[in-house]
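Input: a single structure, listed below in structure tokens.
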Amino acid sequence: MILGTTKMANQEAAEIQISELDLLSSMFPYEEEFAVTDQLALAELKHYVENESAEVPSSKVQFLLNIKTEVPNASTVEFSISCALPFKYPSVLPEITVRSSLLSRSQQILLNSDLKTYLMQNFSGEPCILSAREWVKDHAAAYIDKDLSSFSMAASDATKSEVTTFTRLWIYSHHIYNKQKRKNIIDWAKELSLSGFCMPGKPGVVCVEGLQSSCEEFWSRIRRLTWKRIHIRHREDVSLEGGGHAEIQKQRKFPTLEEKCFDAHGARGNHMDLGQLYNFLEEKGCADIFQMYFGVEGHSRG
């Protein structure tokens with residue numbers, strides 16, 4: 001009986017999440033306003049709602065909300081709200097981080113702390129993403145000019161204890177042919193200290209790994225280019241206590257970011273040998289990603 005009750009509660013939570021995501025999508029139809037950054041997690045959540053026998057989703061739905069607001073001197077500032085929905089949301093609060101290039105480290109920490117307090121006090125057990133967005137729109141700009149000298153000690157302590165997140169993004173594109181785009185991928189990864197690989201052709205596959213903020217900056221730049229179709233197929237996040245250079249290096253599966261071509265064939269020489277791609281992923285301990293990309297299990301070739 002307890003299991004059945006738990007299943008019903010989980011089902012209800014999943015349905016609320018999907019309804020809220022549908023509402024956000026209808027209110028903010030442009031990708032620069034609202035974008036789901038892990039399509040696989042969303043697909044898992046929908047599958048769970050539609051199939052009674054489905055297993056609980058393995059990853060949280062993650063998305064970005066971008067807001068432009070005016071500051072007192074009449075200039076426009078952009079804030080990015082990074083959200084992740086724990087499976088039990090809205091019974092538990094969402095994981096939200098607000099960022100802006102104009103916020104200092106201490107200002108950002110204080111803003112996010114105040115937002116969390118506001119949500120805890122007003123929205124325990126209720127959907128709250130739209131309310132969080134409104135709060136950021138109304139209050140975030142004020143933090144840019146805040147004198148935080150009295151807060152600097154607490155911010156310093158918070159920074160020391162803050163958990164660093166290592167992220168790996170698996171990006172799928174309908175195709176990657178353009179030489180300038182391919183150059184951008186390699187150059188931007190190097191600039192942001194990201195490793196991984198890029199497989200050009202049709203389809204195009206890009207994997208980047210490194211600090212979460214660097215991966216999100218990379219994705220922000222890439223998706224602004226002109227593509228027939230591009231999205232994040234899967235996302236991996238690992239929390240690292242301390243987050244030093246050595247811990248980050250331990251998590252990497254790739255030493256640098258390289259372009260990988262696997263026996264190109266086809267009329268335009270633009271189709272890669274997917275068997276060789278599978279072997280490459282298997283060598284790197286990422287074989288399960290193949291099915292996420294192509295919907296079929298890969299097989300090693302001797």
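The basis for the numbers below is simple: all heavy atoms, side chains too, and nothing from hydrogens, waters or symmetry mates.
Between the side chain of K190 and the main chain of I185, no donor-acceptor pair closer than 3.5 Å is present. Within the 3.5 Å criterion, the main-chain N or O of V98 finds a donor-acceptor partner in the side chain of N112. In this structure, E15 contributes its side chain and E12 its backbone to no donor-acceptor pair below 3.5 Å. At distances below 3.5 Å, not a single donor-acceptor pair connects side-chain atoms of S173 with backbone N or O atoms of I176. T76 contributes no side-chain N or O that, together with a main-chain N or O of K68, makes up a donor-acceptor pair within less than 3.5 Å. In this structure, Y293 contributes its side chain and I171 its backbone to a donor-acceptor pair below 3.5 Å. A distance-only check finds a donor-acceptor pair linking the side chain of Q11 to the backbone of V49 [under 3.5 Å]. Q17 places a side-chain N or O within 3.5 Å of a backbone atom of P86 that can act as its donor or acceptor partner. Formation of a donor-acceptor pair under 3.5 Å by the Q108 side chain with backbone atoms of S100 is not found in this model.
Side-chain contact between L65 and F28 is present, with heavy atoms from C-beta onward closer than 4.5 Å. Q291 has its side chain out of reach of Y278: every pair of non-hydrogen atoms, C-beta onward, lies at least 4.5 Å apart. Contact check for I81 versus L64: no side-chain heavy atoms found under the 4.5 Å cut-off. A heavy-atom distance below 4.5 Å is not found between the side chains of F218 and L169. Looking at R221 and N184, their side chains never come closer than 4.5 Å, going by heavy atoms from C-beta outward. In this structure, the side chains of R168 and K253 come closer than 4.5 Å at one or more pairs of heavy atoms.
H231 and R229 share no side-chain donor-acceptor pair at under 3.5 Å. Checking E95 against Y89 by side-chain atom types alone, no donor-acceptor pair falls below 3.5 Å. Between the side chains of E283 and N279, not a single donor N or O lies within less than 3.5 Å of an accepting N or O. For D237 and T167, the side-chain atoms include at least one donor-acceptor pair closer than 3.5 Å. Using modelled atom types, one finds a donor on one side chain and an acceptor on the other under 3.5 Å when comparing N66 with S80. A donor atom on one side chain and an acceptor atom on the other are not found under 3.5 Å apart for E217 and W188. S195 and E209 share a side-chain donor-acceptor pair at under 3.5 Å.
Taking a cutoff of 4.0 Å between a charged side-chain nitrogen and a carboxylate oxygen, E216 and R99 qualify as a salt bridge.
Here the two rings, on F290 and F280, have centers that are 6.0 Å apart or farther.
Smallest separation of non-hydrogen atoms from K260 and P200: O-CD, 3.5 Å.
Considering CZ of F254 and SG of C207, their distance stands at 4.5 Å, rounded to 0.5 Å. T97 contributes atom OG1, which lies 10.0 Å from atom NZ of K116 (distance to the nearest 0.5 angstrom). Within the model, atoms CG of L45 and CG of L40 stand 11.5 Å from one another, a figure rounded to the nearest 0.5 Å. With rounding to the nearest 0.5 Å, the separation of NE2 in H174 from CH2 in W227 is 12.5 Å. Summarising the geometry, atom CD1 belonging to I16 is positioned 12.0 Å from atom CG belonging to L21; distances are rounded to the nearest 0.5 Å.
For K137, the NZ atom is loosely surrounded, since the number of other residues' heavy atoms within 6.0 Å does not exceed 12.
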